[in-house]
Amino acid sequence: MKTVSEKERIVITGVGLAAPGADSLASFRANLLAGKSGISTIDLRYMGLHPAGICSFDETRYRKKRENKRGSRAGCIGVYCAGEALADSGINFTGSYDPARTGVYVGLTEHGTVETENEVYNISQYNYNVDYWTHHHNPRTVLNNPAGEITMTFGLTGPHYSIGAACAAGNAALIQGVQMLRLGEVDLALCGGISECIGSFGIFASFRAQGALAEHADPTKASRPFDMGRNGIVISEGGCMFTLERLETALARDAKIYGEICGYAINSDARDFVLPYGPRQRECMELALARAGMQASDISIINTHATGTKQGDIEECLAIRETFDGCSNTWVNNTKSHIGHAMGAAGVLELAGNLPAFTDSMVHPTINLDELDPACGLPGLVHTEPKKLPQVDAILNNSFGMLGINSVLIVKRFLA
């Protein structure tokens, strides 16, 4: 294992989330261990009923209804998640931290599509008279909108921006937070990912045009990575924000520590707009392990990116088999089978759902796996029921996205 200074050691001290079927880490973890799906049905403009992951949370816990109305759905989700993360970490900016030294980094897959579709529809009711176009459109659709709404709500005057990295964006935002803390640019990083994509019929229509939109008579069974009957992605909204701190400060204020971020990597396939490529995914996992000073056998849980598309699932499984060949104490699960694909929020929600394993030593199962695709057969794949381990030492979290962007994050059990 490589040695890093205490100032370089970055730990997670707070988690706030909104996921399909859950509005807290405790409820989310309970659903995952129980094998409970959060998927329901949405009635889409122009498209009708489709399986989707819809969030329900206290939208006015941290700001008033009129502020939510002025802002975006992504901003509303982000404010809730950020407030919950700060509360969970016990940070109130009267002691260890300065709002001017706090950075907000938010991963996004898409932003602005929902607002634009809604405004076009609105003016269509008035013969396309643009006088009816809202003056709130521009601040709602700029890419830094969700991060900016968080700063305004909590009075954070440090840097804020969004990370556009397709469905690898949540991991990418955490990596940004780690790097900014290590560089000394900020003292506290509030970072994660957000998705409002169920508000866009265009996103659903595009996945359907690609033959990648999941269909099932029972929405709770629609998201089924690795299963022979899988037929695509279940689109979900959601968000998750983490508070990241340098270890020395977290210890000084006696903070609760969920885990330590010890390795990460981002790379590019440089091959295709949408088709994933297993060899580059393998290289990304190997680079993250090398940066963490770990061997593949040191990983206890791999949370897969697998979305329920035929080729995507297979490519990732090939990469995992090659990287973790012979690792008999490494176990594999999938969180999208429970909540669908939350795009920019996917990686961070999936990491959050696995973090409690450091405490309860449980690997949550992959659900809806009735007939395993032989091409997706992985040693250690946990499905149907959770698996109890003697101890969980490290979690590797995969997130991959369109245009061939891959991100891998490794979090280990905190040891002083």
Scan side-chain atoms only and decide if N333 and T366 contain a donor-acceptor pair under the 3.5 Å cut-off.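 No - no donor-acceptor pair under 3.5 Å links their side chains.
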Does the side chain of E245 come under 3.5 Å of the side chain of T13 through a donor N or O and an acceptor N or O?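 Looking only at side-chain atoms, T13 and E245 do form a donor-acceptor pair, the distance falling under 3.5 Å.
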Looking at [X] and [Y], does any basic side-chain N land under 4.0 Å from a carboxylate oxygen?
X	Y	answer
R101	D98	no
K256	D88	yes
R61	E84	yes
R73	E59	yes
E8	R182	no
D373	K310	no
K412	D298	no
R63	E149	yes
R246	D187	yes
E67	K64	no

With a 3.5 Å distance limit and no angle check, can you tell me whether E260 reaches the backbone of L415 through a side-chain donor-acceptor pair?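 No, because the side chain of E260 does not come within donor-acceptor range (under 3.5 Å) of the backbone of L415.
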Would you say K65 has more than 12 foreign heavy atoms packed within less than 6.0 Å of its NZ?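 Counting neighbours around NZ of K65, 12 or fewer heavy atoms of other residues, nucleotides or ligands fall under 6.0 Å, so no.
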Is the distance between the ring centroids of [X] and [Y] less than 6.0 Å?
X	Y	value
F93	F154	no
Y105	Y161	yes
H364	H383	no

Less than 4.5 Å apart, any side-chain heavy atom of S200 and any of E117?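 Yes. Closest side-chain heavy atoms under 4.5 Å.
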So Y80 and F57, would you call those rings parallel, tilted or perpendicular, with 30° and 60° as cut-offs?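 The arrangement is tilted - the two ring planes meet at 30° to 60°.
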With sequence neighbours excluded, tell me which residues meet salt bridge (Lys or Arg N to Asp or Glu O under 4.0 Å) with E196.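 Result, salt bridge (Lys or Arg N to Asp or Glu O under 4.0 Å) vs E196: none returned.
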